[in-house]
Number of protein chains: 2
Amino acid sequence: MTTLSEENYLKAIYHLGKQGATPVSTNAIAEKVESKASSVTDMVKKLADKNLANYVKYQGVSLTNKGRLAATLVIRKHRLWEVFLVNKLNFSWDEVHEVAEQLEHVKSLKLVNELDAFLEYPTHDPHGDPIPDKDGNYSPIKSVNIFDVDKGKEGVLSFVKDSTDTFLKYLNKNKLALGDTIKVLDYEPFDNSLTIETKTRKMIISKEVAQNLYLSL
Amino acid sequence: MTTLSEENYLKAIYHLGKQGATPVSTNAIAEKVESKASSVTDMVKKLADKNLANYVKYQGVSLTNKGRLAATLVIRKHRLWEVFLVNKLNFSWDEVHEVAEQLEHVKSLKLVNELDAFLEYPTHDPHGDPIPDKDGNYSPIKSVNIFDVDKGKEGVLSFVKDSTDTFLKYLNKNKLALGDTIKVLDYEPFDNSLTIETKTRKMIISKEVAQNLYLSL
DNA sequence: AAATATTTTTAGTCTTATCTAAAAATATTT
DNA sequence: AAATATTTTTAGATAAGACTAAAAATATTT
Ligand SMILES: [Mn+2]
Ligand SMILES: [Mn+2]
Ligand SMILES: [Mn+2]
Ligand SMILES: [Mn+2]
């Protein structure tokens with residue numbers, strides 16, 4: 001059995017390395033889970049004892065297969081709950097994360113799988129993140145960053161990299177939502193801003209914004 | 001903010017006294033939360049410090065208004081989640097309790113209230129227990145124990161007092177479910193058993209079973 | 001290759017929620 | 001009303017998870 005705290009560390013390690021494959025540093029984990037490096041060292045030893053992580057002193061931490069599966073199960077639950085909150089309970093995409101952080105730790109295989117079925121097996125969460133299946137597998141993101149879309153071409157907004165509510169609220173305010181068709185009109189070398197066009201209007205987005213928008217073509 | 005553990009103690013105190021009104025003993029609480037008396041003493045002091053409980057050494061514990069509201073909110077969440085699991089996720093009534101014990105601690109006012117709306121404001125959970133509203137109020141149970149139903153009369157099974165999965169599985173096995181119409185045919189003074197008749201058949205139920213069945217007339 | 005800076009680990013504390021064993025208070029029997 | 005039994009509280013420990021400060025290891029500069 002993994003504790004709530006262990007699960008949060010597993011997620012952090014998973015997200016920091018590529019699926020937990022490459023060793024990540026103590027400090028990086030500490031920042032992600034909002035704790036201190038010394039706390040991370042303690043926890044990481046515990047994960048290694050439980051065969052969830054590979055840990056060599058001073059050399060970083062990676063996940064074992066067991067750890068990776070545990071991490072993806074938590075991520076699967078997180079994203080399914082986010083879909084539930086948005087699709088069934090009228091939450092908006094900037095309100096779901098905090099609640100999903102709690103729901104992801106509820107233990108019941110039946111619960112996850114029935115929820116999955118109830119939601120009709122969604123493949124992506126409200127931010128465009130892929131939902132792993134029971135075995136932790138998911139098809140890789142096929143969307144491309146908006147900077148890599150040629151001038152004059154269009155695509156469908158299908159993933160936002162940053163899903164903090166600050167950014168999501170910016171998108172709400174500017175009427176940009178997942179599923180919207182966006183055309184790239186112009187690129188400005190001076191500040192790396194882009195001029196884009198949606199169904200409803202034309203607008204300029206900053207480099208910071210553009211970096212977080214991904215389109216499927 | 002109440003912790004998970006505090007919430008479980010509040011529920012226990014609520015259920016042991018009548019809505020936490022009458023003082024309950026340390027030992028009774030300990031048994032309910034599956035801990036030891038000394039742990040209860042500690043926790044109860046903490047609840048009193050937070051103005052959730054009234055505690056006088058050696059004289060038992062009751063709930064303050066604040067404590068009672070906190071307790072009913074947890075109970076409200078527990079029962080709403082049970083309805084969700086049964087009505088939407090294909091859980092049977094003997095499978096929901098353990099999962100609801102976890103879900104009841106998720107913190108989000110919006111979540112509870114949207115869930116309530118999504119389920120179309122159910123008044124009772126899958127075991128016939130009433131679901132408190134936002135203010136902790138619910139209409140008192142109007143069903144009567146099957147022993148108090150006159151011979152020859154019938155009623156609808158609308159509440160089961162014991163909702164351990166042992167008892168619920170007994171009911172499943174004997175095809176007795178909430179909503180079933182049951183007629184009382186005979187009472188046997190020797191062992192206090194009852195002969196009852198359902199839509200599908202006639203059967204004898206023991207005193208132990210009868211004590212847990214409540215009908216609305 | 002030293003010297004310096006940064007990162008990581010260790011050592012020792014703290015808090016929350018438990019526990020056991022002993023002491024104190026209350027209840028029940030004789 | 002004593003004696004005995006039961007219940008409750010206190011005292012002291014333990015485990016999980018976090019922290020600070022100091023020590024040790026690794027990285028980066030000079
Ligand atoms: Mn999220
Ligand atoms: Mn998400
Ligand atoms: Mn229940
Ligand atoms: Mn119930």
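Hydrogens, waters and symmetry mates play no part in the numbers below; they use all other heavy atoms, side chains included. Quick note on labels: first sequence line is chain A, next is B, and so on, each numbered from 1. Bear in mind that the values here come from a model prediction, so they are computed numbers and not experimental data.
- For the atom pair CG (A/Leu47) and CD (A/Glu6), the distance works out to 6.0 Å, reported to the nearest 0.5 Å.
- Base contact: A/Ser38 has a heavy atom under 4.0 Å from a base atom.
- Taking the six-membered ring where the residue is Trp, A/Phe167 and A/Tyr170 present parallel rings, their angle staying beneath 30° rather than reaching 60°.
- Relative ring orientation between A/His78 and A/His97 is described as tilted, the plane-to-plane angle lying within the 30° to 60° band.
- Backbone-only engagement by A/Ser35 is indicated by non-hydrogen atom pairs under 4.0 Å involving sugar-phosphate atoms exclusively.
- To the nearest 0.5 Å, atoms CG (B/Asn8) and NE2 (B/His105) are separated by 4.0 Å.
- Rounded to an integer number of Å, the gap from NZ of A/Lys36 to P of D/dA21 is 10 Å.
- Taking CG of B/Leu69 as the start and CG of B/Asp135 as the end, the distance is 7.5 Å to the nearest 0.5 Å.
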Item to check | Derivation and outcome, side chain to side chain donor-acceptor pair (under 3.5 Å), residues A/Ser92 and A/Asp94 | outcome: CA-CA 5 Å; A/Ser92 70; A/Asp94 56 299; 2.5 Å; yes
Item to check | Test log, rule salt bridge (Lys or Arg N to Asp or Glu O under 4.0 Å), inputs B/Lys107 and B/Glu7 | outcome: CA-CA 11 Å; B/Lys107 264 125 187 141; B/Glu7 290 183 346; 3.2 Å; yes
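- Remark: B/Thr3 is in phosphate contact with C/dA17, judged by side-chain N or O atoms under 4.0 Å from OP1 or OP2.
- The phosphate of D/dT9 (OP1 or OP2) has a side-chain N or O of B/Thr41 nearer than 4.0 angstrom.
- Separating the CG atom of A/Asp42 from the C1' atom of D/dG17 is a distance of 8 Å, rounded to the nearest angstrom.
- Between its opening and closing five pairs, the helix from C/dA1-D/dT30 to C/dT30-D/dA1 changes axis direction by 0°, a value rounded to 10 degrees.
- Look at B/Asn27 and you'll find a side-chain N or O under 4.0 angstrom from OP1 or OP2 of D/dT8.
- The distance from the CH2 atom of B/Trp93 to the CG atom of B/Leu85 is 15.5 Å, given to the nearest 0.5 Å.
- Across the protein-nucleic acid pair, B/Asn8 atom CG and C/dA17 atom P stand 11 Å apart, rounded to whole Å.
- Ring planes of A/Phe84 and A/Phe118: tilted class, angle from 30 to 60°.
- Atom pair A/Met1:CE and D/dA15:P shows a separation of 21 Å (rounding to whole Å applied).
- Phosphate proximity of D/dC19 to A/Ser39: present, with a side-chain N or O under 4.0 Å from OP1 or OP2.
- Contacts with DNA chain D (heavy atom under 4.0 Å) in residues 45-61 of chain B: B/Lys45, B/Tyr55, B/Lys57, B/Tyr58, listed by number.
- The B/Met43 side chain lies nearest to C/dA17 when the options are D/dG17, D/dT8, C/dA17.
- Put simply, CD1 on A/Ile29 is 14 Å from P on C/dT7, counting in whole angstrom units.
- Within the nucleic acid shown, B/Thr26 comes within 4.0 Å of sugar-phosphate atoms alone, with no base atom in reach, counting heavy atoms only.
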